[in-house]
Amino acid sequence: MRRKVIAGNWKMNMLPDEAINFIQELTPLVKDTENEVILCVPYTDLFYALLNAQDTNIKIGAQNMHFAESGAYTGEISGKMLKVIGVEYVIIGHSERRQYFAETDETVNKKVKSAFENGLKPIVCVGETLEEKEQGKTINIITTQTRLALDGLSKEQVKNTIIAYEPVWAIGTGKTATAEDANDSIKEIRKEIAKIYGNDVAQCVIIQYGGSVKSSNARELFTKSDIDGGLVGGASLKTEEFSKIVNF
Ligand code: PGA
């Protein structure tokens with residue numbers, strides 16, 4: 001049985017004092033869950049978040065990293081820098097980074113490899129745009145993005161990768177994929193992984209759904225056969241709402 005993993009993606013929100021308050025309020029609300037709880041916070045909140053999440057079941061992640069270990073990359077943060085302060089997870093290839101910051105399947109793959117080299121667990125985002133969906137390209141896009149992101153990884157690394165299937169048209173729009181459609185797309189991603197790395201590996205990979213997840217739709221989505229939890233944007237900014245999603 002795969003575990004359910006619920007990750008919040010705060011994006012460019014929350015100042016340190018807000019992050020501290022959030023974690024202190026969230027802690028008692030999620031302490032009894034069997035699900036894994038992750039908060040992916042801005043770099044400037046990481047240190048505060050890590051201190052306040054100590055001795056709780058809340059894990060802390062970053063939202064991006066550079067693939068190089070160090071060097072002349074002004075403004076960037078490496079996987080090693082994240083690891084040494086105690087970060088466990090890192091989101092890689094979110095559609096906003098693909099769209100606004102020229103992230104490509106190639107840089108996503110380099111970052112995933114670098115994450116593993118530095119002992120971080122990547123949460124890799126894949127998903128089709130509205131245009132691609134309307135052209136009937138969903139499966140082709142998401143399986144290709146998955147294959148390229150995982151290229152060159154060992155079976156053990158693939159098993160430890162979290163994939164977030166996030167239809168781009170569902171992110172921040174209030175439009176959610178139906179639970180059936182999301183489950184079908186995730187099955188296709190799992191099938192693709194099985195083709196390359198074998199079914200035993202594919203059955204271990206956590207594949208989340210993301211895109212306008214809220215407390216009112218979390219249960220329906222997360223109880224589907226292949227949806228192993230969610231990557232939650234807007235609804236992860238309110239403690240009560242996020243705790244309800246965690247405890248779906
Ligand atoms: P949303 O964002 O929940 O606000 O749609 C999800 C995401 O971008 O990860």
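Numbering of ligands and ligand atoms starts at 1, following listing order.
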So, is Ile171 polar-close to ligand 1, with some N/O to N/O distance under 3.5 Å?
no

Can you find an N or O of Thr173 that's nearer than 3.5 Å to an N or O of ligand 1?
no

Would you mind running through ligand 1 and noting each atom that sits below 4.0 Å from a heavy atom of [X]?
{"X": "Lys11", "answer": "2 (O), 7 (C), 8 (O)"}
{"X": "Gly172", "answer": "1 (P), 4 (O), 5 (O)"}
{"X": "Gly211", "answer": "5 (O)"}
{"X": "Ala170", "answer": "5 (O)"}
{"X": "Gly234", "answer": "1 (P), 3 (O), 4 (O)"}
{"X": "His94", "answer": "7 (C), 8 (O), 9 (O)"}
{"X": "Ser212", "answer": "1 (P), 3 (O), 5 (O)"}

Closest approach of any protein heavy atom to atom 3 (O) of ligand 1, naming residue and atom:
Gly233 N, 2.8 Å

Give the residue, atom name and distance (to 0.1 Å) of the protein heavy atom nearest atom 7 (C) of ligand 1.
Glu166 OE2, 3.1 Å

Taking the six-membered ring of Trp169 as reference, does the cationic atom of Lys133 (NZ for Lys, CZ for Arg) lie under 6.0 Å from its centre and within 45° of its axis?
yes

Looking only at side-chain N and O atoms, does Thr146 offer a donor or acceptor that is under 3.5 Å from a partner on Glu192?
no

Can you confirm whether the side chains of Gln203 and Asn199 place a donor and an acceptor under 3.5 Å from each other?
yes

Rounded distance (nearest 0.5 Å) linking atom OG1 of Thr104 with atom NZ of Lys110
8.0 Å

Are any of the side-chain heavy atoms of Phe116 and Leu120 separated by less than 4.5 Å?
no

Tell me whether Val41 shares a hydrophobic cluster with Ile123, the cluster being built from Ile, Leu, Val, Met, Phe, Trp, Tyr side chains joined at under 4.5 Å.
no

Does the plane of the ring in Phe222 sit parallel, tilted or perpendicular to the ring in Phe248? Use 30° and 60° as the thresholds.
perpendicular

Around Glu240, counting heavy atoms of other residues, nucleotides and ligands shown, do more than 12 lie under 6.0 Å from its CD?
no

